[in-house]
Each structure stands twice: as structure tokens, then as C-alpha cells.
Amino acid sequence: MVVRPPLGGSPHPYIPATEADRARMLQRIGAADVEALFADLPAAALDPEIRLPAALTEPELIELLVDRAAANADPARPDFLGAGAYRHAIPAVTAHLAARSEFVTAYTPYQPEISQGTLQSAFEYQSVVCELTGLDVSNTGLYDVASATAEACLLAARVTGRGAVALLEPIHPGTADVVGTYARGAGLRVDMLASPEQASADHACLVVQQPDFLGAIVDLEPLAEAAHAQGALLVAVADPFALGMLRAPGEAGADIVTGEGRDLAGPPQFGGPSLGLFAARLEHLRQMPGRIVGRTRELHAPAGGEPRTGYVLTLQAREQFIRRERATSNVSTAQALIALAFTVTVQALGPRGLRAAAELCFQRAHDAARRIAALDGYETPQRGPWFSEFLVRGLLPAAELAAALRARGIGPGLDVSGRPEPQARQALLFAVTEATPDAHVDALVEALAEIGAAP
């Protein structure tokens, strides 16, 4: 079979540039040939040998995948790992409604006349996020909490014209890493602060996690006052589930709120896919990243009827596909399905239901911590009021205690013994939620008692 080159003369059917086009581009950038574009890469990385196994039949492939999946931890085993991903009780209606055809669209809802279901669900999502955070405007969601927080830092830098951002410890190290990556490209300095008093007039924003990485509930109001006194914005990285019980960050003075919405959409699923919440004050509307959906009404009603309500993408000029290098963000998509599931869960619970679930989570976690602290040789060091995660320290070093729990079929908390906080010394960070079965807590307490009694 002969494959004809496309119009334009390129011998490669999916590359529209001709040889003459490529020659002009190379000349413009001062490169002798295409190979010169890769001169800085190690030779071994240019054309590495890829050793692939022989092709499998479909039954053989299924058998292989089943074997690989069997290596995953049993989801029914007791597991107390949190540190940013939590298992909550999700109403059954969430999966049912999220799968309905009204919300299915191809990639992105640019054609509002055929995407009303998706657009309306995004509008409802924005409304839910604004109510949870106590702020004025929300976008339709970003990739995850880390990228949302990084975008918040970029927004603060644009608004203030400053060249540094401050992150208050303890904050999730993954969030700090992503902020650092974004900041490096934007030419911003990232300062990790042990105290809000270290914030200065150099900083565009002060970023604080609520609850913080080690589980403590943060009083945001004095932090907002400290940030505003330096002319900086306060960015609160808030757990939306905990906001069912805690004060809305916007009411406490936060200017931007980000968060992770995945845990209210379904199970952790090994950490993904995620949903980054992003809400801000109205004055920052035109600097916000991502999409915003607006609600409008027809100018002319159909014959004999009322003007119909419609939903459309609005304020898209911020996105890179329109403004290019002048865009405030290169985000041009959204985690629409996860945002839909998040919205259904929050609305199914309602304000009172979400508060009741958060309070139950709080109570169960504190009950588990009390039982562990009552064991000989164990303590649960605290740094003030906390929500659902707590530190545990035993007679064994943290790594050995974690290994002993795994040997007994229990997933331990995260080893945070390398952190600078004194309370984290040789400690594990455990998470207990309203969805943690009583039997799992019983098994943990029994295992810890057995480990503590071992010679």
C-alpha cells in the first residue's frame, strides 16, 4: 500500500511541516540540524534500548494483570495511612448520579447548547465550594490540591507584584514540592517558615494548611492578620470534609482557599484521580486560573413561555489558548467527573449531614487516640486541638513499629520521624475517619499492645 504525503509535501502523514518549513525554523533559532536541538542530552538517553517482553494473547494478558493486582494491599485490611488521602463514607447516590448520560461530554463543554448538564453541574460545584470556603468565587476545579495551591501562589504574586511566597510548616511535603516547581518556572522564591512572624514584606502570600500536615487544627484569624499586616494574601489549604465542622476559612480572613476534593468523590484509589478546589475573593476573579461557568437567561423567550436558564463558560480570556503568553494560567481543562461526584456527595449530605459526618470522624479519631495513649509504652504527642490525624510514639523506633504492624496485617500510619517538629520524633502519623470500622481500631489497639509487651 502506498501512503500519499499530505498537501504540503511532508513525507510524514501526521506532521504538516514540510522540509522547507523545518529548515526555516532551524535557521531562525540558529541550529544546524534537528540533532543540534538534542545536543545537551546524554547520548545514552537519545535512543535507549527498550526491552519489551513478547506479545501476549488476551487471556494471557488478563491473567498477568490479575496476578499483578493481587500484589496490592487488601482493601479490607485495617489501614491507618492518611497524610492527604482519606477514606470517607460516600453516599450510594454519588456513583449513580455521576454515571448519568446528562453529564457526559466530549473533553470540554465549549458548545453550551449540547453540554448543559455538564455546565450546570460545574456551576453547582462552584456554588458548593463557595459555601464551604466562605469565599465569593470558585473555578470548576484544578488537577489536585498541590497544583491548586501553586496556582494560588502565582495569583498572589501577580496581585502583589512580589517575588517570594511563604509556606508555613507543617505543610504537606508534596504540596511544597509542587509549589517549588511552579515557583521555579515563574522566578519566585519559596520560603518555608516555622512561625508566621517570619513572614515579611517580600512575601506575596502566606500559605497554611488546615488542618495542618500533622493533624492540628489551625486558628486562621491571627495568621490572616499577620499576613495582611505585611501586605500579603493568606492562602488556606483546607480539607473540605473538615470544613463541615470547622469555621469557613474565608470568614477567618483567608483570601484564597484550595483543597483536595477527591476524598468526597469516592475511595482513595491509590491517590488519584484528584480534584483541586480553588476559591478566592471577588476582587481576584480576573486573575483566577482555570474555568468559570456562569448562569444566564435567554433574551427572547420561546413563544408562550418564560426565558430559559442557560449555563456557559465565561471569562475564558485567562486561558492560554486565547491569551497565549499573557494568560494567567495554562490550565485549560478540569476534573469534571470528580467534581461532579464531589458535588453530589456534599449536596446529598447537606450542611447538617456534612457536619454530623465530620463530628463523627473527630470523635472516632479521638477515641482511638485515647485507647492507644492508655497502653503501656505509648504516647500520642499533640500540638493543640486536632481533627482526625494524630501522632503515635512507642518503645520501638518508628520504622520498626511500622514493620511490626505490617507483619500483623495492619497498615500503619506514615513515618514522620524525619520531620523537624519535636512531636514528630520517632512518631507515626495515624488517620481515623468516620468510615474506619470499629473492628479495625480494635485490631490496631490489640496489635500495639502485643508489640509493646514483646520482649
Side-chain angles (χ1 to χ4, degrees), residues 1-52 55 105-111 139-144 146-165 174 176-190 202 204 272-274 276 278 286-292 313-336:
M1 182 179 74
V2 177
V3 178
R4 296 178 180 272
L7 296 176
S10 172
H12 310 291
Y14 299 107
I15 301 178
T18 65
E19 293 294 344
D21 293 333
R22 286 191 285 276
R24 284 196 298 271
M25 287 188 282
L26 290 169
Q27 182 182 16
R28 180 68 177 270
I29 64 176
D33 49 36
V34 173
E35 285 68 27
L37 300 176
F38 305 95
D40 293 332
L41 295 178
L46 289 176
D47 190 17
E49 180 183 1
I50 302 176
R51 297 183 179 180
L52 296 177
T105 185
Y107 176 60
T108 190
Y110 292 132
Q111 294 77 36
N139 63 19
T140 60
L142 298 176
Y143 302 117
D144 53 27
S147 61
T149 305
E151 291 281 3
C153 292
L154 298 185
L155 185 156
R158 290 193 299 271
V159 169
T160 63
R162 296 178 177 180
V165 297
D177 286 346
V178 172
V179 169
T181 300
Y182 274 62
R184 188 160 54 248
L188 298 175
R189 186 181 80 243
V190 178
D202 292 339
S274 297
F278 191 108
R286 291 189 175 275
Q287 291 292 332
M288 286 176 58
R291 301 175 182 158
I292 294 176
L313 289 178
T314 187
L315 295 175
Q316 293 183 74
R318 73 177 58 78
E319 296 186 1
Q320 93 287 356
F321 60 87
I322 292 177
R323 299 195 71 191
R324 298 180 182 271
E325 67 276 0
R326 295 176 56 209
T328 57
S329 169
N330 66 359
V331 174
S332 62
T333 187
Q335 297 282 50

Checklist line | Side chain to side chain, Tyr182 and Val165, heavy atoms closer than 4.5 Å | finding: no

Next item on the list: Please list, chain by chain and in numerical order, all residues satisfying side-chain hydrogen bond (donor to acceptor under 3.5 Å, both in side chains) with Arg184, sequence neighbours excluded.
Entry: none

Notebook entry, point to check: Considering residues at least two apart in sequence or located in another chain, which fulfil the side-chain hydrogen bond (donor to acceptor under 3.5 Å, both in side chains) criterion with Ser274?
Noted result: Arg262

Next item on the list: Would you check, one step at a time, whether the test side chain to side chain contact (heavy atoms under 4.5 Å, CB included) holds for Val178 with Asp144?
Entry: CA-CA 10 Å; Val178 172; Asp144 53 27; 5.6 Å; no

Check: [Y] main-chain N/O paired with [X] side-chain donor or acceptor under 3.5 Å:
{"X": "Arg291", "Y": "Leu313", "answer": "no"}
{"X": "Asp21", "Y": "Thr18", "answer": "yes"}
{"X": "Asp202", "Y": "Ala164", "answer": "no"}

Show the nearest heavy-atom pair for residues [X] and [Y], with the distance to one decimal.
{"X": "Ala32", "Y": "Ala36", "result": "N-CB, 4.2 Å"}
{"X": "Gly180", "Y": "Val190", "result": "CA-CG2, 4.2 Å"}
{"X": "Pro289", "Y": "Asn139", "result": "O-ND2, 3.1 Å"}
{"X": "Ala148", "Y": "Leu142", "result": "CA-CD1, 3.6 Å"}
{"X": "Leu188", "Y": "Cys153", "result": "CD1-O, 4.5 Å"}
{"X": "Gly174", "Y": "Ala146", "result": "O-CB, 4.2 Å"}

Check: Do other residues, nucleotides or ligands put more than 12 heavy atoms under 6.0 Å from the CG atom of Asp33?
Finding: yes

Item checked: Rounded distance [0.5 Å steps], CD in Glu151 versus CD in Gln287 -> 11.5 Å

